[in-house]
Every structure is written in C-alpha cells, then in structure tokens.
Amino acid sequence: MQRQVRQQAVKRLLQDGRYRNQAEIVAALAHRGIHVTQATVSRDLATLRVEKTTSAGGAGYYRLPTAGDSSILARLERTVRGALVGVRVHDAMCALQVLPGNGPVLAHLIEQVQFSTVFAALANDAVVVVFMNDPAAAKQFADQVMAWRKEV
C-alpha cells in the first residue's frame, strides 16, 4: 500500500475518533483492510506530527495538530503552559519541574528547537535539566519559559 494512502487513512481515523495507543490504531486500520505493523504506525504518526494529549478526564489520546500549531516552538510553548510546575536555575543549568509524564516530551521539544544557547536537555518523568552554555543563558531561558507559562 502506498504510504500517502495509508497516512490519509490514519488522518481520517484520528479525525473521527480517539485512540489511546498505537495498537488501537493498528487494529482500526486492519478493520479497514490496511494491514501494518506498530512500527509503521509509529513512523506515520511522527511524519504527520501527531501529538499525544490528555483529555479533561486524564486519558491520553493521539490527535492531529490543529491549524497554526504545527511548529516545534509552538508545541514547546503549549507544553510548557500545560505542564510546567516550577523553574530553578543553578550556574549554567535550568531545572524545569513538570507534571509527571511530561519530562521526556519537553526535553525532546527543547532539543528539536535547537536553541543556540542550549547544550543539552535531559529528563526523567517529571524534571527536565537543561544545560546551557553559560549562567546568563540559563537565567534568560528560565525567564522565557516562565513567560510562556504566563501567556494565555
């Protein structure tokens, strides 16, 4: 099956329903006669820039990006607004405390933006440590993150 046809089918599934995991998407595609592996679905979700988000009830599900929010920086800002708990700065490091489960996503987005002052971002479930080039950059980054948090 052609990749574009399969990806259109994935888009239709995500527009019509909520899927909590990739296995559910694989099963829904199979029900439509499209037989793929979980690895293929994973690649398609990345290509389509599908995000995993949380409903008001706390259940996670996949969703397509909406108009205007597909940039990496916009995703980073939105994630900060929804998940940031606190920020601490020490020397050339900035520690971002986030809601559980958001650390790896936030670190990945920080790395994808490729800030010139960021050396690396490492995360566990609820903390992201951003290593900066110098202490002034860490302070500036912390201020920017706090500004994103306050934006409505």
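All residue numbers refer to positions in the sequence shown, counting from 1.
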If you measure from [atom1] on [X] to [atom2] on [Y], what distance do you get to the nearest 0.5 Å?
{"X": "Asn102", "Y": "Leu96", "atom1": "CG", "atom2": "CG", "result": "11.5 Å"}
{"X": "Leu29", "Y": "Gln22", "atom1": "CG", "atom2": "CD", "result": "11.0 Å"}
{"X": "Thr79", "Y": "Ile72", "atom1": "OG1", "atom2": "CD1", "result": "11.5 Å"}
{"X": "Arg3", "Y": "Asp44", "atom1": "CZ", "atom2": "CG", "result": "8.5 Å"}
{"X": "Phe131", "Y": "Leu122", "atom1": "CZ", "atom2": "CG", "result": "5.0 Å"}
{"X": "Arg43", "Y": "Thr40", "atom1": "CZ", "atom2": "OG1", "result": "4.5 Å"}

Qualifying residues under ring pair (Phe, Tyr, Trp, His ring centres under 6.0 Å), relative to Phe141, sequence neighbours excluded: Phe115
Check for a donor-acceptor pair, side chain of Ser42 on one end and backbone N or O of Gln38 on the other, with a separation under 3.5 Å. no
So, Asp91 side chain and Met93 main chain: donor-acceptor pair closer than 3.5 Å or not? no
With a 4.5 Å cut-off on side-chain heavy-atom distances among I, L, V, M, F, W and Y, is there a chain of contacts connecting [X] to [Y]?
{"X": "Ile110", "Y": "Val127", "result": "no"}
{"X": "Val89", "Y": "Val130", "result": "no"}
{"X": "Tyr61", "Y": "Val10", "result": "no"}
{"X": "Leu109", "Y": "Val118", "result": "yes"}

Exercise: identify the closest heavy-atom pair between [X] and [Y]:
{"X": "Arg6", "Y": "Ile34", "result": "CG-CG2, 4.1 Å"}
{"X": "Leu73", "Y": "Trp148", "result": "CD1-CZ2, 3.8 Å"}
{"X": "Ala142", "Y": "Cys94", "result": "CB-SG, 3.8 Å"}
{"X": "Val26", "Y": "Val36", "result": "CG1-O, 3.5 Å"}
{"X": "Ala123", "Y": "Ala107", "result": "CB-CB, 3.7 Å"}
{"X": "Val98", "Y": "Val85", "result": "C-CG2, 3.8 Å"}

Side-chain heavy-atom pair [X], [Y] within 4.5 angstrom cut-off:
{"X": "Arg149", "Y": "Val87", "result": "no"}
{"X": "Lys139", "Y": "Met132", "result": "no"}
{"X": "Ile25", "Y": "Leu45", "result": "yes"}

Give a yes or no on whether Gln4 atom CD has more than 12 heavy-atom contacts from other residues, nucleotides or ligands under 6.0 Å away. no
In this structure, are over 12 heavy atoms from other groups packed under 6.0 Å from Gln140 atom CD? no
Please identify each residue that fulfils salt bridge (charged side-chain N to carboxylate O under 4.0 Å, His left out) with Asp125, with sequence neighbours left out. none
